[in-house]
**Q** 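Take this structure, written in structure tokens, and hold onto it; I'll ask about it next.
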Number of protein chains: 2
Amino acid sequence: MSQSPSWSEYSARRIAEAGLRRSIPRRRVIDLLAERDCAVTALEIDAELDGVGRATVYRAIEQLEDLGLVRKVDLGASAHGYEKVEPSGHHHHHIVCDDCGKVEPFEDEALEEAIHHIRRKGFSLESHEVTLHGHCAECR
Amino acid sequence: MSQSPSWSEYSARRIAEAGLRRSIPRRRVIDLLAERDCAVTALEIDAELDGVGRATVYRAIEQLEDLGLVRKVDLGASAHGYEKVEPSGHHHHHIVCDDCGKVEPFEDEALEEAIHHIRRKGFSLESHEVTLHGHCAECR
DNA sequence: AGAATTACTGAGAACAAGTCTCAATAAGGC
DNA sequence: GCCTTATTGAGACTTGTTCTCAGTAATTCT
């Protein structure tokens with residue numbers, strides 16, 4: 001399943017190292033993010049995890065984001081999406097259908113290459129986000 | 001001033017051609033967008049244009065977006081930004097400071113080149129959005 | 001020009017996403 | 001087990017965006 005076999009464990013450890021407790025609700029948020037390979041919104045997580053409060057979902061995401069374990073992606077929808085960050089640095093970007101909102105991940109080596117050559121005076125660059133917009137087969 | 005001398009006029013014409021009326025409030029939204037070279041939020045426009053209702057601002061933006069005269073940009077902030085689309089196709093992308101939220105535009109020819117080589121089965125690509133994240137000089 | 005038609009508008013209600021508050025609960029240390 | 005303190009869930013609140021509707025103004029008709 002081309003799974004990250006350990007992002008979940010890795011994150012749990014990083015959370016512990018940051019001095020945070022091993023609570024069950026937070027762990028459930030981590031596990032849900034672990035099994036998703038593309039963006040999920042906070043409200044989707046909240047809806048999927050019965051018994052975990054919305055505030056807890058948002059808090060957990062924020063902590064994971066601060067630790068660099070999760071990244072926020074803006075795909076033009078009303079809500080933000082979140083996806084795990086692989087420790088390897090391996091990542092993908094997104095193609096969005098502007099008609100139906102369908103999202104597909106993609107990877108492109110030449111694109112990454114071009115981005116890594118960009119330098120900006122007065123800025124230290126750390127990450128990047130690329131979104132391609134278009135129309136999917138069904139909508140055309 | 002490297003201004004678009006005519007985006008405002010061009011847009012007014014396109015609006016008319018689309019069968020919409022030449023109303024003063026919509027024209028004021030167009031003129032404000034015309035004089036800004038980087039992203040503005042709907043609420044900033046609303047705040048700046050006294051006497052123009054919020055609903056009118058959102059409606060005007062939507063119409064301009066539908067006609068391809070304005071593009072939405074998501075910069076990680078709570079509100080979306082909007083910026084004019086030059087008929088020439090000339091455009092820029094954004095660098096965001098993840099600490100203070102400062103946004104700077106940038107252009108990169110090699111990046112555009114790499115993006116235009118991307119093809120995706122089942123998708124017709126029409127536009128793209130690149131956001132670089134990092135930390136600005138003041139925040140480091 | 002004046003009347004008729006109908007798009008457009010502003011105020012504010014409604015809604016949606018995300019944040020904050022606070023009393024109750026549960027981890028981890030002793 | 002007891003104590004300390006991080007964490008939690010419910011729900012109030014805030015912010016951004018959309019919707020509603022009666023009044024206004026741009027166009028068209030005559």
Side-chain angles (χ1 to χ4, degrees), chain A residues 11-33 39-67 69-83 98 101 103, chain B residues 11-33 39-67 69-83 98 101 103:
Chain A
S11 299
R13 184 162 56 74
R14 290 286 309 282
I15 283 280
E17 284 167 8
L20 301 169
R21 292 177 178 173
R22 325 173 108 277
S23 78
I24 290 155
R26 181 156 47 212
R27 186 59 201 248
R28 292 182 64 197
V29 173
I30 292 175
D31 287 347
L32 192 150
L33 280 161
V40 210
T41 69
L43 290 177
E44 275 164 16
I45 297 176
D46 178 50
E48 201 140 328
L49 296 183
D50 242 43
V52 176
R54 216 177 325 154
T56 299
V57 172
Y58 280 105
R59 277 185 294 237
I61 289 172
E62 190 187 8
Q63 292 158 341
L64 292 166
E65 217 187 338
D66 288 348
L67 291 171
L69 296 166
V70 145
R71 112 179 75 235
K72 186 197 298 185
V73 297
D74 287 313
L75 299 171
S78 51
H80 293 144
Y82 295 92
E83 55 191 26
D98 285 339
V103 174
Chain B
S11 300
R13 184 162 56 76
R14 291 286 310 282
I15 282 280
E17 282 168 7
L20 302 169
R21 293 180 177 171
R22 328 174 107 274
S23 78
I24 290 154
R26 182 159 46 214
R27 186 58 200 247
R28 290 183 63 196
V29 173
I30 293 175
D31 287 346
L32 193 151
L33 281 162
V40 210
T41 69
L43 290 179
E44 278 164 12
I45 297 176
D46 178 50
E48 202 140 326
L49 295 183
D50 242 45
V52 176
R54 219 175 324 154
T56 298
V57 171
Y58 280 103
R59 278 186 293 237
I61 289 171
E62 190 187 8
Q63 292 158 341
L64 292 166
E65 217 187 339
D66 288 347
L67 290 172
L69 296 167
V70 144
R71 111 178 76 236
K72 187 198 298 187
V73 298
D74 287 314
L75 298 170
S78 49
H80 294 144
Y82 295 93
E83 55 191 26
D98 284 340
V103 174

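Every chain is numbered from 1 and lettered A, B, ... according to where its sequence line falls, protein lines coming before strand lines.
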**Q** In terms of the nearest nucleotide of DNA chain C, which residue is placed more toward the 5' end: A:Leu43 or A:Ala55?
**A**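 Nearer the 5' end of the strand: A:Leu43.
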**Q** Given the structure, check if the side chain of B:Arg21 and the base of C:dT6 hold any donor-acceptor pair shorter than 3.5 Å.
**A** yes
**Q** Distance check needed: D:dG16 P versus B:Leu75 CG, whole Å only.
**A** 14 Å
**Q** Check whether any side-chain N or O of B:His80 sits under 4.0 Å from OP1 or OP2 of D:dG16, and answer yes or no.
**A**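 For D:dG16, OP1/OP2 do not have a side-chain N/O of B:His80 under 4.0 Å.
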**Q** Starting from the first five and the last five pairs of the helix from C:dA1-D:dT30 to C:dC30-D:dG1, work out the angle between the resulting helix axes, to 10 degrees.
**A**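 Roughly 40°, once rounded to the nearest ten degrees.
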**Q** Tell me the interatomic distance from A:Gln63, atom CD, to D:dA6, atom P, rounded to whole angstroms.
**A**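 Those two atoms, CD and P, are 12 Å apart.
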**Q** The test is side-chain contact (heavy atoms from CB on, under 4.5 Å); show your working for B:Ile15 and B:Ile30 and say whether it passes.
**A** CA-CA 10 Å; B:Ile15 282 280; B:Ile30 293 175; 4.2 Å; yes
**Q** Between B:Arg59 (CZ) and C:dA7 (P), how many Å, whole number?
**A** 13 Å
**Q** Stepwise, does the side-chain contact (heavy atoms from CB on, under 4.5 Å) test hold for B:Thr41 with B:His80?
**A** CA-CA 6 Å; B:Thr41 69; B:His80 294 144; over 6 Å; no
**Q** So, the side chain of A:Arg14 versus the backbone of A:Leu67: is there a donor-acceptor pair under 3.5 Å, distance only?
**A**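 Flag set: sc A:Arg14 to bb A:Leu67 pair under 3.5 Å.
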**Q** Taking only the side-chain heavy atoms of A:Leu20 (C-beta and beyond), determine which of D:dG9, D:dT17, D:dT7 contains the nearest atom.
**A**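 So the side chain of A:Leu20 is nearest to D:dT7.
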**Q** Please compare B:Ser78 and A:Ala60 by the position of their nearest nucleotide in DNA chain D and report the one closer to 5'.
**A** A:Ala60
**Q** Once you round it to whole Å, what is the distance between P of D:dT14 and OH of A:Tyr58?
**A** 17 Å
**Q** Can any side-chain N or O of A:Arg28 pair as donor or acceptor with the backbone N or O of A:Asp50 at less than 3.5 Å?
**A**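 Checked: pair present.
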**Q** Atom CD1 of A:Ile24 to atom P of D:dT8: distance rounded to whole Å?
**A**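 From A:Ile24 CD1 to D:dT8 P: 10 Å.
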**Q** Between atom CZ in B:Arg54 and atom P in C:dA11, what is the gap in whole Å?
**A**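 After rounding, the gap between these two atoms is 9 Å.
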**Q** Does A:Ile61 form a side-chain contact (heavy atoms from CB on, under 4.5 Å) with A:Ile45? I'd like the steps, not just the answer.
**A** CA-CA 10 Å; A:Ile61 289 172; A:Ile45 297 176; 4.0 Å; yes
**Q** How close or far is atom P of D:dT15 from atom CG of B:Asp46, stated in whole angstroms?
**A** 15 Å
**Q** Give the rounded distance in Å between these two atoms: CD1 of B:Ile30 and P of C:dT9.
**A** 10 Å
**Q** Give one of base, sugar-phosphate or nothing for B:Gly51, where a contact means two heavy atoms less than 4.0 Å apart.
**A** sugar-phosphate
**Q** Under 4.0 Å between a side-chain N or O of A:Ser23 and OP1 or OP2 of C:dA26?
**A**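 It does not, given that no N or O in the side chain of A:Ser23 lies less than 4.0 Å from OP1 or OP2 of C:dA26.
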**Q** For the pair B:Arg26 and B:Ser23, evaluate side-chain contact (heavy atoms from CB on, under 4.5 Å) and give the outcome as yes or no after the intermediate values.
**A** CA-CA 6 Å; B:Arg26 182 159 46 214; B:Ser23 78; 3.4 Å; yes
**Q** Select one nucleotide: of C:dA17, C:dT9, D:dT8, the one nearest the side-chain heavy atoms of B:Pro25.
**A**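 Nearest to the side-chain atoms of B:Pro25, counting from C-beta on, is C:dT9.
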**Q** Please report the closest heavy-atom contact between A:Tyr58 and A:Ala42, naming both atoms and the distance.
**A**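 In terms of heavy atoms, the two residues are closest at CE2-CB, 3.4 Å.
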